[in-house]
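Side chains are part of it too, since the values below use all heavy atoms of this structure and drop only hydrogens, waters and symmetry mates. Remember, it's 1-based here, ligands and their atoms both numbered in the order they're listed.
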Amino acid sequence: MKTKIFEKDELDESTLDKIGEDIRNGALVIFPTETVYGIGANAYDENASKRIFEAKGRPSDNPLIVHVDSLEMADECMEEDIRKYKNIISRLWPGPITFIFKKSSSVPLTVTGGKNTVGIRFPSNKISQKIIKHSGVPIAAPSANISGKPSSTRINHVIKDFLNRVDYIISDGDCFFGLESTIIDLSGDAPTLLRPGPISVEDIENIIPNLEVPDFVYAKIDYSGPVLSPGMKYKHYSPDIQLVLIDSEDFINEVRNIYREGDIIFCDDNMLRLLPEDFDRISLGNSDNLYDIAKNIFSFLRLDFDTEKKYRRIICQGFSNSGIGLAIMNRLRKAADVILE
Ligand code: AMP
Ligand code: MG
C-alpha cells in the first residue's frame, strides 16, 4: 500500500471530499488532533475498524474512541438522548476530553472492544473536524502509535511507524497538547475519571462537583480491582530503553547515586542547571508551565532529539500532580520500569 501524504494547506474542498469518501468506504487515515495523532476509520464499519487494530497491533478488547464533529453525530452513537448531558458537554466540547456513554446499535462491538459502552470525543482541532465532516461518519481512532509505545505527537513519528501501512497521513505539525484526552465515564451511577488528561481534575470538578477520582488514576498502586477501562491492563507508552522515574524531592542526590555512562537524564530547566555538567541531560521545558512538559514528553520518550548517540537508560524527574501534571505523571508512571520515591 502506498500512503498518500497531505500537508494541511493542501486540503482543498475536492481533496477533502475524496478523503471523506474513501473513509466512508473503509480507508485508514492518520489525522491530527489537539491531543495526539489518531489512526482512524469509519466507526460504523466493522471491517474498517479491524484494520486499526491490525495496523497498531492493538489487543482487540482495548476499545477505540469515536470522534465526532457535532452533538447530533455523538447522539447517533449513544443509547441515551445526549440532551441529558448538555450542561456538562456544552462546557467541555469541542476539546481534549472523552465521555463514555452506553452505546447505540450503530456502533459495532469491534469498535468498543466488546463493551456496551462507547467513548466519544468532539475534537477542537480544525483539520480533524474537517476530516470528520467530509466523511459524514464518526471516526474511530486511537493514538497513532504501535501498541504499547509512546503516542505520536509529531508528524515524523507517524511517518516512521506507519508509512505505507495506512491509506492517508494528514500532517498538521506538532500536536497542541501532546497528551491523550481526559476520559470521564458517564455511563454508570457516578461520573468517574478514567484517565487524566489536558482538562484537569480541578477544572472538571467546577462543572461536575461529584466527580469520582479513583486511586488508579495516580498509577501509584498496582491496581487489582475490576478493569474499568481495558487500557489499564496493558503496558503503555514504553520507550525502547529502560525508564527510571525519580519522584523525589531529593532528585539531584538520587541521580548522583545511580547515574552511569549511557544514561540520559530528562529534567526541567531548573534541574538542568543544578545537575553536574558532565552528566548527559536534556530539558523537557520549564516546569512553571507544565503544558510545555506535556507537549514534549512523548517525543522525548521516543529519543527523537538525538539519533546519533546510543543511550541505555532514561532517568526522568517527577513533576507536580496538579493541573495537567497529573496526566504527565500518570503517563510516566505507566511507562516507567522502575519508580523511586
Ligand atoms: P487511545 O485512543 O489509544 O488513547 O485509547 C483509548 C482509551 O480509551 C483506552 O485506554 C480505552 O480503554 C479507553 N476507552 C475507550 N472506550 C472506552 C469504553 N467504552 N470504556 C472504557 N474505556 C474506554
Ligand atoms: Mg494510545
**Message:** Please list, in number order, the atoms of ligand 1 under 4.0 Å from a heavy atom of T117.
**Reply:** 18 (C), 19 (N), 20 (N)
**Request:** Decide whether E46 and T110 meet the rule of one side-chain donor and one side-chain acceptor closer than 3.5 Å.
**Result:** yes
Enumerate, atom names and distances included, each donor-acceptor pair closer than 3.5 Å involving a side-chain atom of residues 132-143, sequence neighbours excluded.
unit_1 : atom_1 : unit_2 : atom_2 : d
H134   : ND1    : D17    : OD1    : 2.9
S135   : OG     : I131   : O      : 3.4
S135   : OG     : I132   : O      : 2.9
S135   : OG     : V137   : O      : 3.3
S143   : OG     : K56    : NZ     : 3.4
S143   : OG     : N145   : OD1    : 2.5

**Request:** Using distance alone, decide if ligand 1 has a nitrogen or oxygen within less than 3.5 Å of any nitrogen or oxygen in S143.
**Result:** yes
**Request:** Find the distance between CZ (R121) and CD (E34) and round it off to the nearest 0.5 Å.
**Result:** 4.0 Å
**Request:** Determine whether more than 12 heavy atoms belonging to other residues, nucleotides or ligands lie under 6.0 Å from atom CG of N210.
**Result:** yes
**Request:** For the pair R331 and E180, find out whether any cationic side-chain nitrogen is under 4.0 Å from an anionic carboxylate oxygen.
**Result:** yes
**Item:** Heteroatom distance test (R58, ligand 1): nitrogen or oxygen, under 3.5 angstrom
**Value:** yes
**Prompt:** So which heavy atom on P198 is nearest to which on I324, and how close?
**Reply:** CA-CD1, 3.8 Å
**Prompt:** Does T112 come within less than 4.0 Å of ligand 1, judged by its heavy atoms?
**Reply:** no
**Item:** Under 4.0 Å to a heavy atom of R195 - the qualifying atoms of ligand 1, by number
**Value:** 1 (P), 4 (O), 5 (O), 7 (C)
**Message:** Which residues pass the side chain to side chain donor-acceptor pair (under 3.5 Å) test with D292, not counting sequence neighbours?
**Reply:** none
**Point-to-point distance, once rounded to the nearest 0.5 Å, from CD1 of I184 to OG1 of T182** = 6.5 Å
**Prompt:** Where on N62 is there a heavy atom closer than 4.0 Å to ligand 1, on the side chain, on the backbone, on both, or on neither?
**Reply:** side chain
Under 3.5 Å, which donor-acceptor pairs link side chains of residues 91-102 to any protein atom two or more places apart or in another chain?
unit_1 : atom_1 : unit_2 : atom_2 : d
W93    : NE1    : I97    : O      : 2.9
T98    : OG1    : S181   : OG     : 2.8
K102   : NZ     : S187   : O      : 3.1

**Message:** Using heavy-atom distances only, which candidate in P63, A144, S187 approaches atom 14 (N) of ligand 1 most closely?
**Reply:** P63
**Message:** Within ligand 1, which atoms have a heavy atom of I65 less than 4.0 Å away?
**Reply:** 2 (O), 6 (C), 8 (O)
**Prompt:** Which of the numbered atoms in ligand 1 are below 4.0 angstrom from a heavy atom of P142?
**Reply:** 2 (O), 3 (O)
**Fill in**
Protein-side N, O or S atoms sitting under 2.8 Å from the Mg ion (ligand 2) are S143 OG
**Item:** Distance flag, aromatic centroids of F298 and Y237, threshold under 6.0 Å
**Value:** yes
**Asked** With a cut-off of 4.0 Å, which atoms of ligand 1 are near a heavy atom of I183?
**Response** 7 (C), 8 (O), 13 (C)
**Prompt:** Have D172 and N125 got a donor and an acceptor in their side chains that come within less than 3.5 Å?
**Reply:** yes
